[in-house]
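Inspection log for the structure reproduced underneath, given as structure tokens.
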Amino acid sequence: MALREINLMVEPGETVALVGPSGAGKTTLLNLIPRFSDPLSGRLLLDGTDTKALSLRSLRSQMGLVPQDPFFFHDTIYNNLLLANPSATQEDMEAACQAAQIHDTIAALPQGYQTTVGERGYRLSGGERQRLAIARVLLQSPRIVLLDEATSALDTVVERKIQDALAVLLQGRTAIVIAHRLSTVLSADKIVVLEKGRIAAIGPHQTLVETNPLYRQLYETQFETHMVEQMEQSESAL
Ligand SMILES: Nc1ncnc2c1ncn2[C@@H]1O[C@H](COP(=O)(O)OP(=O)(O)OP(=O)(O)O)[C@@H](O)[C@H]1O
Ligand SMILES: [Mg+2]
């Protein structure tokens, strides 16, 4: 059993951060939402409707996914973005990439949006891949966003870019985010602490720091951040 006794309500427009140690069940829980797998018992409702009563196509068209290590086809950036929204124009793509903080990087490539990426193509860095995946979801413009944040440590400039890209992505949408970065955790409306497949606690940051030892330990040792930023942000969170 990877998950047990999960009872979670997500309100429209809310950002929910899932945190917990490796193996706690975060990805398993996120994967239930687009029905990549189904629970052995229990139900998952979307606006009160059992998701099993919806077609997979209708269910999944309502959500955009930013995986931990996004996949791109061995094709141009342009064509990869077009898959997210076949009616997108070059202007739409550039606007989405601007918002996702990846346009300047693409524009600086010799072939720009016509650069081939994916296996054997131009090697985008981890941070670039995640930002391009964010642009892809912005083009799709779903009302629900599922995000599995990358764990790799990023330098301050890239960190800030991702933070800005995420702010645009999550604005006005319902989001469930597996959070590894402190800035994401702090910007969530509520934080769900998973431990060994169960929900150990749900709450805002400060309450969890004070009442949940596992959360406090994650806060002190696991969340990716920079010392200065961490201090700034915990001050503003207080
Ligand atoms: N398909 C599967 N079959 C059996 N066990 C699985 C399967 N997928 C995951 N598990 C197990 O379920 C538990 C939860 O895994 P999950 O991938 O959800 O953890 P996680 O919280 O996302 O961890 P991480 O932070 O390392 O990504 C782990 O013990 C894992 O080994
Ligand atoms: Mg995982």
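All values below come from the heavy atoms of this structure, side chains included, with hydrogens, waters and symmetry mates left out. When a ligand or atom number is given, it counts from 1 through the structure's own listing order.
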Could you pull out, from L30, D148, T28, I178, the option with a heavy atom nearest to atom 18 (O) of ligand 1?
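Selected option, by shortest heavy-atom distance: T28.
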
Counting heavy atoms only, which of S37, G25, G197 comes nearest to atom 19 (O) of ligand 1?
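Heavy atom nearest to atom 19 (O) of ligand 1 belongs to G25.
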
Protein non-hydrogen atoms only, distance under 4.0 Å: does [atom] have such a neighbour?
| atom | value |
| --- | --- |
| atom 25 (O) of ligand 1 | yes |
| atom 8 (N) of ligand 1 | no |
| atom 14 (C) of ligand 1 | yes |
| atom 28 (C) of ligand 1 | yes |
| atom 21 (O) of ligand 1 | yes |
| atom 2 (C) of ligand 1 | no |

Would you say the side-chain atoms of [X] pair up with the backbone N or O of [Y], donor to acceptor, closer than 3.5 Å?
| X | Y | value |
| --- | --- | --- |
| E119 | H74 | no |
| T51 | L44 | yes |
| N85 | L139 | yes |
| R60 | R35 | yes |
| E128 | S125 | yes |
| R173 | P142 | yes |
| R129 | L124 | yes |
| Q130 | P67 | yes |
| N80 | F73 | yes |

Give the minimum heavy-atom separation between N7 and I199, together with the two atoms involved.
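Shortest heavy-atom contact: O-CD1, 3.8 Å.
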
Does Q171, at its CD atom, have more than 12 non-hydrogen atoms belonging to other residues, nucleotides or ligands within less than 6.0 Å?
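Incorrect, the count does not exceed 12.
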
Short N/O distance, under 3.5 Å, between [X] and ligand 1?
| X | value |
| --- | --- |
| S22 | yes |
| T27 | yes |
| G20 | no |

Report, in ascending order of atom number, the atoms of ligand 1 lying under 4.0 Å from any heavy atom of A24.
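Matching atoms, with element in brackets: 19 (O), 21 (O).
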
When you compare the side chains of R143 and Q62, does any donor N or O come within less than 3.5 Å of an acceptor on the partner?
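The criterion, which ignores hydrogens and geometry beyond distance, is satisfied for Q62 and R143.
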
Which protein non-hydrogen atom lies closest to atom 23 (O) of ligand 1, naming both residue and atom, and how far is it?
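Protein heavy atom at minimum distance: G23 N, 2.8 Å.
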
Protein contact of atom 12 (O) of ligand 1 - nearest heavy atom, named by residue and atom, plus distance:
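Sorting protein heavy atoms by distance from atom 12 (O) of ligand 1 puts A2 CB, 3.5 Å first.
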
Polar protein atoms near the Mg ion (ligand 2) [N, O or S; cut-off under 2.8 Å]:
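You should have found T27 OG1.
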
Under the side-chain contact (heavy atoms from CB on, under 4.5 Å) rule, what do Y78 and Q90 come out as? Steps first, then yes or no, please.
CA-CA 8 Å; Y78 181 90; Q90 175 81 29; 3.3 Å; yes

